[in-house]
Number of protein chains: 2
Amino acid sequence: MGLTKTEIFTDKQNQIAQYAKVLGHPARVAILQYLYKLNACVCGDLVGEIGLAQPTISQHLKELKHLGLIKGNVEGTSVCYCIDADNWKKMKTVMSEFLDQDLNQKDCC
Amino acid sequence: MGLTKTEIFTDKQNQIAQYAKVLGHPARVAILQYLYKLNACVCGDLVGEIGLAQPTISQHLKELKHLGLIKGNVEGTSVCYCIDADNWKKMKTVMSEFLDQDLNQKDCC
DNA sequence: TCTATTTATTGTAATATTACGATTAATGTG
DNA sequence: CACATTAATCGTAATATTACAATAAATAGA
């Protein structure tokens, strides 16, 4: 046990859950918000900005990169990160489709 | 360690992460989709619908109820569940505000 | 009251996540 | 090349999550 039974759910359900899961930690939310705020590449100062240790930030960045939400380019000794606009849009589409369902609520308790 | 440092993040960041986290499991996504599809109270047949054991479903329902996304009414021997439309709307607002950020991407790597 | 039905709770095993110190890898500069 | 700087990886401790068997709680009907 302790392991999610992905095989009993649809691809769509797993995809929604996967996106939501990666957004399910405040550090990753903060990283994405920071990248958005700057609206450009961020080279290096992420560790200073969020209040977590460097390996922890690196770990969170890895997860965001793994899902494709950000991309990183090596730039000298530092790495520049930014939002991957295309994949962000894809995620937005998937999540919005789920969140924006119409609710008639014709009869409810 | 192993415990999220919520105190170093803003309330908004924690709120977004909390919503996302509860959507971060396919069983909970499936439950919400099912409630939406029926567009009415669901009394009892949730365990048959999702392919998980009854205590597991009960646990997921508890988390959804805890965040306010669903509400349950006791109806005889069974319990009727449905989406809490008001709270769902609140979540949608919070999540959309985060997801719909504009990205100029004036200079990116 | 007894029984059947349905949901919640408890307990627990397996696994995943979070965080960070220590170390390694990669690259630019003197 | 040696050294400084920065990010990634490794190892690991603490905690959280997921799943389910067993049991308890609640209620309807006989």
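A note on names: the letters A, B, ... follow the listed sequences, proteins ahead of strands, and every chain is numbered from 1. All of these numbers come straight from a predicted model, not from anything done at the bench.
Here A:Leu52 lies in heavy-atom contact (under 4.0 Å) with sugar-phosphate atoms only. A:Ser78 comes within 4.0 angstrom of the backbone, heavy atoms only, and of no base.
A sub-4.0 Å separation between OP1 or OP2 of C:dA16 and a side-chain N or O of A:Lys21 is absent. Between A:Tyr81 and D:dA8 there is a side-chain N or O to OP1 or OP2 distance below 4.0 Å. For the pair B:Lys65 and C:dA8, the criterion of a side-chain N or O lying under 4.0 Å from OP1 or OP2 is met. For C:dT7, the OP1/OP2 oxygens have no side-chain nitrogen or oxygen of B:Lys62 closer than 4.0 Å. Put simply, B:Thr56 has no side-chain N or O that comes within less than 4.0 Å of OP1 or OP2 on D:dT18. Side-chain N/O atoms of B:His60 include none lying less than 4.0 angstrom from OP1 or OP2 on D:dT17.
Each of C:dC20, D:dC20, D:dA19 was ranked by its minimum atom distance to the side chain of A:Thr4; first place goes to D:dA19. Nearest nucleotide to the B:Val79 side chain, out of C:dT27, D:dA19, C:dA8: C:dA8.
Each of B:Glu63 and A:Ser58 has a nearest nucleotide on DNA chain D; the 5'-most of these lies closest to A:Ser58. Each of B:His25 and A:Asp45 lies near DNA chain D, and the nucleotide nearest A:Asp45 is the one positioned closer to the 5' end.
At least one donor-acceptor pair under 3.5 Å links the side chain of B:Asn14 to the backbone N or O of B:Thr6.
The base of D:dC10 is not paired with the side chain of A:Gln59 by any donor and acceptor separated by under 3.5 Å.
Other residues, nucleotides and ligands contribute only 12 or fewer heavy atoms inside 6.0 Å of the CG atom of B:Asp11.
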